[in-house]
Structure formats: C-alpha cells, structure tokens
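Before anything else, here's the structure in question.
Numbers restart at 1 for each chain; the letters A, B, ... are given by sequence-line order, proteins then strands.
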Amino acid sequence: MKSEPSDVSIDDVAGASLRQTCWYGVRNYQARNFMRDVMRAGDLVFFYHSSCAEPGIAGIVEIISAAYPDPTQFDPKSRYYDPKATVENPRWFSVDVKLVRKTRLMSLKELRTYSELSDMRLLARGNRLSISPVEPGEWRFIEKKLDSTMAAA
DNA sequence: GCCAACGTTGGC
DNA sequence: GCCAACGTTGGC
C-alpha cells in the first residue's frame, strides 16, 4: 500500500497512540476492489512511501479490520469528498492497519535490481495503483532481504 | 516542473 | 459503445 509520507508516513503510524491508522482516501476502483474484496484481517502489507525523495518500502503493517465505508467521502470539507457517495450507497472503502514493524528503507531503485521481483505488480511499467497484491514468493524474498541486509545509514 | 501512462468523463 | 479531452499519479 502506497502512502505519501508527507501525508501519512510509517513514522506517523509508529507514533500514533495505538500504532494504527485508518487507510482513507483510496479513489481508484481497482485499488478499492483489492481492499474490499481481497484483503482480510490478519493480512500483512508492505507500507510504501511514494511521491517523496526516496520512494520505497519503509515498513510492514497488518490489516486489522474488514473494509468499511471511507468516512472522508461523506465530508464536504475533505479533499476526498465524493458528492455522489451516500451512506446508503458508499463508493469508497477504508481498512484499519496497525504497525508490525518499521524496516530499513528498501528503495524503488533497489527493488528494481532484483530479478526475483521482475514480475512484481508494484514495479510494472506505468503502474499507478496505490494498492497492489504481492505474491507469496515476492513477499518472502523481500522480507528476507529486509532481515539480512543492513541499511547503509 | 516535466511527462509517461493511466483512469475518468461526457458528448455523440 | 466509442473516443477525445481532461485529470491524476508518481518517478525523475
């Protein structure tokens, strides 16, 4: 799951009182469908920092709730307000996530160096989805790299 | 700030 | 249902 750290970073989650946060603001149908139809409580997620100086994986979070209507779609003051959404017929969904652990930053640049990840959806050409599935083999590979390689600084 | 690659909108 | 115009994402 991608988040702009200037909005919500892994440190924001780590610093939150319950070390958890609502994942709001998804406004893409494919990403919504992954969240609503595929994610389940207990699933683990790579927390990816996007649109920043060093984009990449910055931590691991766990899904702790089923998808529920994203409250920001009903809030006229929110940048995520959707006038076509109603409480009876919500368009957009959120999940709650909690911190599992911060990791070293595994940059996009580094991710692209691993042939084992050449088919990863996140790395696909032109991919803009803020939420994309990670194959079990990809997950294991990245987790191993995160554990075995120390950050340069 | 640029721009490629998408996704969405709306006229027809 | 097509598709041009427009808007957004996100790396660089």
Side-chain angles (χ1 to χ4, degrees), chain A residues 1-16 20-39 43-63 65 67-97 99-135 137-139 141-146 149-153:
Chain A
M1 296 173 86
K2 300 180 186 174
S3 178
E4 300 185 17
S6 60
D7 184 6
V8 180
S9 72
I10 192 76
D11 285 320
D12 293 328
V13 181
Q20 71 183 58
T21 191
C22 165
W23 204 282
Y24 59 89
V26 171
R27 292 295 181 272
N28 170 283
Y29 289 106
Q30 246 186 304
R32 177 202 70 180
N33 293 347
F34 284 137
M35 195 157 53
R36 188 190 58 188
D37 305 335
V38 182
M39 283 182 173
D43 286 351
L44 296 179
V45 172
F46 290 126
F47 191 112
Y48 180 94
H49 284 172
S50 65
S51 291
C52 57
E54 279 191 292
I57 293 169
I60 295 174
V61 296
E62 180 184 342
I63 306 296
S65 76
Y68 57 91
D70 180 341
T72 64
Q73 71 191 308
F74 308 124
D75 177 4
K77 282 174 284 187
S78 169
R79 62 180 281 218
Y80 296 113
Y81 177 60
D82 183 346
K84 292 178 185 165
T86 63
V87 174
E88 299 74 29
N89 229 328
R91 273 191 169 187
W92 308 111
F93 289 83
S94 290
V95 292
D96 291 335
V97 304
L99 183 74
V100 173
R101 61 186 174 102
K102 282 184 65 177
T103 64
R104 73 178 177 88
L105 185 90
M106 183 178 280
S107 69
L108 176 61
K109 200 173 163 188
E110 179 182 348
L111 287 164
R112 290 197 186 285
T113 65
Y114 300 125
S115 60
E116 292 87 343
L117 303 178
S118 57
D119 292 332
M120 199 176 175
R121 186 108 173 225
L122 172 72
L123 306 178
R125 182 165 147 278
N127 172 56
R128 298 181 311 163
L129 276 179
S130 62
I131 298 176
S132 59
V134 179
E135 297 304 316
E138 296 165 349
W139 181 277
F141 179 83
I142 292 170
E143 221 181 14
K144 197 172 165 188
K145 285 284 176 190
L146 287 169
T149 317
M150 289 298 108

Checklist entry - Does A:L123 reach the side chain of A:L117, with side-chain heavy atoms less than 4.5 Å apart? => result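 Side chain of A:L123 against side chain of A:L117, heavy atoms only: contact under 4.5 Å found.
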Checklist entry - When you measure from every atom of DNA chain C, which of residues 80-87 of chain A have a heavy atom less than 4.0 Å away? => result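 None - not one residue of the stretch has a heavy atom sitting under 4.0 Å from the strand.
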Checklist entry - At their closest point, which heavy atom of A:D96 faces which heavy atom of A:C22, and how far apart are they? => result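 The pair with the smallest heavy-atom distance is OD1-CA, 3.4 Å.
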Next on the checklist: Testing the basics here: between A:F34 and A:L129, what is the closest heavy-atom pair and its distance to 0.1 Å?
Outcome noted: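 Between these two residues, the closest heavy atoms are CE1-CD1, 3.9 Å.
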Checklist entry - Using a heavy-atom distance cut-off of less than 4.0 Å, which residues of residues 48-58 of chain A contact DNA chain C? => result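 Heavy-atom cutoff 4.0 Å gives A:Y48, A:S50, A:S51, A:P55.
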Item to check | Start and end of the DNA chain B segment that chain A contacts, any atom under 4.0 Å from a heavy atom | outcome: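 Range of nucleotides within reach of chain A: B:dA5 to B:dT8.
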Checklist entry - Is A:E4 touching bases, backbone alone, or none of the nucleic acid, heavy atoms closer than 4.0 Å? => result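 Nothing, no nucleic acid heavy atom in range.
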Item to check | Heavy-atom check, side chain of A:S78 versus side chain of A:Y24, under 4.5 Å | outcome: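 No, side chains not in contact.
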Next on the checklist: For a quick check of understanding: with a heavy-atom distance under 4.0 Å over all strands, which category does A:R27 fall into, base, sugar-phosphate or nothing?
Outcome noted: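 Touches nothing.
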Next on the checklist: Using the rule given for side-chain contact (heavy atoms from CB on, under 4.5 Å), can you reason through A:L122 versus A:F46, listing the C-alpha separation, both sets of side-chain angles and the distance that settles it, and then say yes or no?
Outcome noted: CA-CA 11 Å; A:L122 172 72; A:F46 290 126; over 6 Å; no
Item to check | Identified salt bridge (Lys or Arg N to Asp or Glu O under 4.0 Å) partner of A:D70 from the options A:R27, A:R91, A:R36 | outcome: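 When salt bridge (Lys or Arg N to Asp or Glu O under 4.0 Å) is applied between A:D70 and each of A:R27, A:R91, A:R36, only A:R27 qualifies.
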Item to check | Atom of A:W92, atom of A:N28 and distance for their closest heavy-atom approach | outcome: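 The answer is CZ3-N, 3.7 Å.
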Item to check | A:R104 with A:E110: basic N within carboxylate O range, under 4.0 Å | outcome: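 Yes.
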Item to check | Enclosure of A:E54 CD (heavy-atom neighbours >12, cutoff 6.0 Å) | outcome: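 Check fails, neighbour count at 12 or below.
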Checklist entry - For the residue pair A:V95 and A:M1, what are the closest heavy atoms and their distance? => result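 Minimum heavy-atom separation between A:V95 and A:M1: CG2-CE, 4.1 Å.
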